[in-house]
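Below is one structure; the comments refer to it alone.
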Amino acid sequence: MVPADRGGGLMRPDLLTEPVEGLDEALGVVDAFDEALVGGLLRPRPAQAAALAGLADAVSGTPLAGRVAEAAGQAAAGTAGEDHFVALAAARTALMGSVHDALAAQADKATGRARCTEEVPPAASGQPANLLLAARAWLCDLARSGWRGIDHDVVSGAAPVVSAMLPDPALRRLSVLLDGFAAELAASCPGAAMDRVPARRWADLWARGVLLTVQCAGGAPATGTATGRLLPLGVDVQEHATAVQAQVHAVFEPADGGASRLVRAGVSVPKPDTVVSAGLWQLLRPHMSLLAAVSEGRSMDLADMPVTAEGDLLWSDEHARPGEPADPFATARVALSGAAATAAAPLDRHPAHLAVPVFLEGYAYETAAGDEDAPDGGAPAFVLAGQRLAVDTDRVPAAGPLTADAVARSQACIGLLRWDAGAFRLQPLAVEATVRKKTVAIHAGAWAGGTADKAGAKAEKAATDALAVLRERAGRLLRK
């Protein structure tokens, strides 16, 4: 266990395994509703009607009660309209939000960290109503057909809606979600032939999409400004076939002497599927100078940087300049424990969005037990004070020098505490390990600003060659 005077550590790992009252019941209601969507709500069966009634009962003591009760009744009769599906999506989202809040409170208790309690205001929106209604109509058709009933005719209905939305920046969030969702569905058609349906994932995407069609839900986030010092902790890289995102987690110390808080700064770009590993940084670097500061171990001085109420910096290089050297492990030991976490936006109150920066040291590494019946699935783990904390090395990106072997040999770790498959897990961002009798720091984002590492340099060169070929081909097409 990390001593209390060392700052930033996971003080009470035992608290992460305590049962959360009502958690299983809430997830059970969600799972039943998700299963109802598998079969579709055009002609619901008794089990589906029972799931809908259970969803209505679960929110009976909330302001949603009346609307959801009516929506559940109409859906059970096979006569639900679009407003009814919006109410059902809102109820499911509210339940997942309650799960998020309970787990976030448990993580805060374990880390001894305070959290901002003010509510995040709804976003302002000026989106075209006709496109929102078209998107909602397609999503409602999906709910009626169900995942087992999808075919290419149903899924292709998203294409004209997405094409009309993509040019409008105000609709980019919803259009990208619909585009990716439709691509997943198309790859699984026909639904009747699927061996396994990703019911939770597709219901998550469906409910989020439906709520983003509501005028007040998908606008630009309310923002303020941040002036002070930014102390990076680590970089989380999320890669897909056609896009990549780098998100820097950091501690922000206001220049006016106010309380420090946890913030994030992210950049997302499209990518060719041939650009992988360290080559990803070539796509990301031009859009955010913070990545160079991360790899150099420097702080950043911010001046009036736009920031949302949720702690997301809307990064603009003109509001930042490189600061003094700042070791992330020093930041984690000294400043992390006193940095308050920020509240989540309504649509981001979901267990999948939990990513709590933590610092650990003094643990033992335990290899995978292979016991799938264990709460953490028998994954490899750090053992602190007799308590296992599963380590998710599958999330360690290939775009940096951090490896599963380095994690296994480490003595200290900066990571993100996540919740997945019914248990808390740690995603390593950086570790301190002994290499040739010396303690060295190994960061997942070490190559963000460039690298002399042989493996990284080789991957960078391959990416440079691939991008040069793609640019030449694109230029040739444009000249025709």
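Since the model is a prediction, treat every value here as computed from it, not as a measurement. Values below: every heavy atom of this structure, side chains too, minus hydrogens, waters and symmetry copies.
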Does [Y] offer a backbone N or O that forms a donor-acceptor pair with the side chain of [X] under 3.5 Å?
X: His249; Y: Arg264; result: no
X: Arg67; Y: Ala87; result: no
X: Ser299; Y: Glu324; result: yes
X: Gln106; Y: Leu15; result: yes
X: Thr227; Y: Asp304; result: yes
X: Trp147; Y: Ala199; result: no
X: Tyr365; Y: Ala381; result: no
X: Gln48; Y: Leu41; result: no

Shortest non-hydrogen contact from [X] to [Y]?
X: Ala344; Y: Arg349; answer: CB-CG, 3.9 Å
X: Leu402; Y: Pro428; answer: CD2-O, 3.8 Å
X: Ala65; Y: Ser60; answer: CB-O, 3.3 Å
X: His350; Y: His100; answer: O-CD2, 3.2 Å
X: Glu310; Y: Thr342; answer: O-OG1, 2.6 Å
X: Gly209; Y: Leu139; answer: C-CD1, 3.4 Å

Regarding [X] and [Y], does a basic nitrogen lie under 4.0 Å from an acidic carboxylate oxygen?
X: Arg395; Y: Asp236; result: no
X: Asp348; Y: Arg208; result: yes
X: Asp405; Y: Arg409; result: yes
X: Asp394; Y: Arg418; result: no

| So with a 6.0 Å cut-off around CZ of Arg285, is the heavy-atom count from everything else above 12? | yes
| field | Greater than 12 external heavy atoms within 6.0 Å of Arg321's CZ | value | no
Once you round to the nearest 0.5 Å, how far does [atom1] of [X] lie from [atom2] of [Y]?
X: Leu211; Y: Thr93; atom1: CG; atom2: OG1; result: 4.5 Å
X: Thr213; Y: Glu82; atom1: OG1; atom2: CD; result: 8.0 Å
X: Leu389; Y: Thr17; atom1: CG; atom2: OG1; result: 10.0 Å
X: Trp419; Y: Leu103; atom1: CH2; atom2: CG; result: 5.5 Å
X: Gln245; Y: Leu280; atom1: CD; atom2: CG; result: 12.5 Å
X: Leu426; Y: Thr393; atom1: CG; atom2: OG1; result: 10.5 Å

| query | Does the side chain to side chain contact (heavy atoms under 4.5 Å, CB included) test come out yes or no for Leu313 and Phe252, once each step is laid out? | reply | CA-CA 10 Å; Leu313 298 170; Phe252 172 67; 5.9 Å; no
| request: Check step by step if side chain to side chain contact (heavy atoms under 4.5 Å, CB included) holds for Val307 and Leu302. | output: CA-CA 11 Å; Val307 60; Leu302 308 185; over 6 Å; no
Any side-chain heavy-atom pair of [X] and [Y] under 4.5 Å:
X: Leu336; Y: Thr331; answer: no
X: Ser337; Y: Phe359; answer: no
X: Val237; Y: Trp281; answer: yes
X: Leu284; Y: Met288; answer: no
X: Val263; Y: Val248; answer: no

| task | List the steps and the verdict of side chain to side chain contact (heavy atoms under 4.5 Å, CB included) for Val214 and Arg136. | result | CA-CA 9 Å; Val214 178; Arg136 188 185 305 170; 4.3 Å; yes
Output side-chain donor-acceptor pairs under 3.5 Å for residues 24-31, partner residues at least two apart or in another chain, one line each.
residue : atom : partner : partner atom : Å
Asp31   : OD1  : Arg200  : NE           : 3.4
Asp31   : OD1  : Arg200  : NH2          : 2.7

| said: Which residues pass the salt bridge (charged side-chain N to carboxylate O under 4.0 Å, His left out) test with Asp108, not counting sequence neighbours? | reply: Arg115
| message | For Phe33 and Trp206, take the angle between the two ring planes, folded into 0 to 90°, and tell me which bin it lands in: parallel under 30, tilted 30 to 60, perpendicular over 60. | response | tilted
| field | Stepwise side chain to side chain contact (heavy atoms under 4.5 Å, CB included) check, Leu185 with Trp202 | value | CA-CA 9 Å; Leu185 295 173; Trp202 284 358; 3.7 Å; yes
